[in-house]
Peer 1: 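Attaching a single structure in structure tokens format; questions to follow.
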Amino acid sequence: GFMAGLFQSLRHESQNVSGKVIGLEKLSPDNIDNIADVLKKELQLAGTDIRYIDEVRNARQPVLINEDSQLQVLQKATYLITGGAGGIGLLLAEFLIENYDAKVVILGRRAGADLTIELANQMHYYQADVTDLKSLKDTFAYIVNKTEKQVQQVLSAKVDGTRNIDLVTADEQLDFVLLFSSVSSALGNAGQADYAAANAFMDGFAHRRNHLVSSGSRFGFTTSINW
């Protein structure tokens, strides 16, 4: 996922760049012939972001979320939004509160963010650094166990933040995980290779996490939305 987002941006930045990103689960000298066969086959096939899982070819394609999706929002549930002090985060918080009578916990980079929402009694804001695992654990413990911990705020990042959130919620019975990625992860954007790569990581992470859900190592179907 990460390399695919980087590659798509490189294609926009240079007309001389062409090809595709192929992910293989097993890479070793023992299966070098199989790898060569895969590469030869891919020369004749469409797609720029390909994965082989259990020898089955998967080409990345966007899928619209519909009513039959495993992403189900529940009434009177509690939802955690990271980076939620921005426009999308606040809109989502308002939607959950007004339509699902939800309680919303927001983690953001700003100290004392101004959350001027009428239903603020159902929303709680905490300053947290999702790139710092210890800081995130302290904040999560405060939210869940109401312990007295002070959280310090630093710059957040999608890659470390996504992995850290997954680590601290690994044993929680989550209903679902919703990642806010970007369309740049699929289409790329000249001058924003790093941004596209970070968002493509989130897309790939969602796919990988759903495999962990299937094996019982995680809970809650994961969806990555390309804004």
Peer 1: Honestly curious: do Phe180 and Val73 fall in one hydrophobic cluster under the side-chain, below-4.5 Å linking rule?
Peer 2: yes
Peer 1: Return yes when atom NZ of Lys103 has more than 12 non-hydrogen atoms of other residues, nucleotides or ligands closer than 6.0 Å, and no otherwise.
Peer 2: no
Peer 1: Just verifying a value: how many Å separate Leu133 CG and Leu167 CG, rounded to the nearest 0.5 Å?
Peer 2: 6.0 Å
Peer 1: Provide the closest heavy-atom pair for Phe140 versus Val168 in the form atom of the first, atom of the second, distance.
Peer 2: CE2-O, 3.7 Å
Peer 1: Checking Ile81 against Leu107 for the side chain to side chain contact (heavy atoms under 4.5 Å, CB included) test, could you report, in this order, the C-alpha distance in whole Å, the side-chain angles of both residues, the deciding distance, and whether it holds?
Peer 2: CA-CA 6 Å; Ile81 302 175; Leu107 303 182; over 6 Å; no
Peer 1: Gln72 and Asp175: side chain to side chain contact (heavy atoms under 4.5 Å, CB included), yes or no, with the steps?
Peer 2: CA-CA 7 Å; Gln72 298 295 326; Asp175 296 318; over 6 Å; no
Peer 1: Can you measure from OG1 (Thr78) to CG (Leu174) and round to the nearest 0.5 angstrom?
Peer 2: 11.5 Å
Peer 1: Side-chain heavy atoms nearer than 4.5 Å, only ILVMFWY residues, links allowed to pass through others: does that put Val177 and Leu212 together?
Peer 2: no
Peer 1: Work out which heavy atom in Ala102 is nearest to a heavy atom in Ile97; give both atom names and the distance.
Peer 2: O-CG1, 3.6 Å
Peer 1: What distance do Ser214 atom OG and Phe221 atom CZ have between them, rounded to the nearest 0.5 Å?
Peer 2: 8.5 Å
Peer 1: For Leu179 and Thr222, what are the C-alpha separation, side-chain angles and deciding distance, and is it a side chain to side chain contact (heavy atoms under 4.5 Å, CB included)?
Peer 2: CA-CA 8 Å; Leu179 304 177; Thr222 308; 4.1 Å; yes
Peer 1: Tell me whether Asn164 contacts the main-chain N or O of Val130 through its side chain, where contact means a donor paired with an acceptor under 3.5 Å.
Peer 2: yes
Peer 1: Do Leu96 and Glu94 make a side-chain contact, defined as non-hydrogen atoms from C-beta onward lying under 4.5 Å apart?
Peer 2: no
Peer 1: What are the two closest heavy atoms between Asn210 and Gly220, and how far apart are they?
Peer 2: OD1-O, 4.5 Å
Peer 1: I need the Met202 CE to Phe205 CZ distance, nearest 0.5 Å.
Peer 2: 9.0 Å
Peer 1: Any non-hydrogen side-chain atom of Tyr52 less than 4.5 Å from a side-chain atom of Asn58?
Peer 2: no
Peer 1: If you draw a 6.0 Å radius around CG in Asn99, do more than 12 non-hydrogen atoms from other residues or ligands fall strictly inside?
Peer 2: yes
Peer 1: Is the side chain of Arg209 donor-acceptor paired with the backbone N or O of Phe219 at a distance under 3.5 Å, no angle test?
Peer 2: yes
Peer 1: Examine Trp227 and Phe176 and state if one hydrophobic cluster contains both, with Ile, Leu, Val, Met, Phe, Trp and Tyr joined whenever side-chain heavy atoms are less than 4.5 Å apart.
Peer 2: yes
Peer 1: Working note: Tyr79 + Leu178, criterion side chain to side chain contact (heavy atoms under 4.5 Å, CB included); need CA distance, chi angles, decisive distance, verdict.
Peer 2: CA-CA 10 Å; Tyr79 294 103; Leu178 179 60; over 6 Å; no
Peer 1: Do the side chains of Arg163 and Asp166 get close enough for a salt bridge, i.e. N-O under 4.0 angstrom?
Peer 2: no
Peer 1: Donor-acceptor pair, distance only, cut-off 3.5 Å: does the side chain of Asn226 make one with the backbone of Ser182?
Peer 2: yes
Peer 1: Are Leu90 and Ile106 close enough that some pair of their side-chain heavy atoms sits under 4.5 Å apart?
Peer 2: yes
Peer 1: In Å, rounded to the nearest 0.5 Å, how long is the span from NZ of Lys134 to CG of Asp129?
Peer 2: 12.0 Å
Peer 1: Which distance, rounded to the nearest 0.5 Å, do you find between the NZ of Lys40 and the CG of Leu45?
Peer 2: 14.5 Å
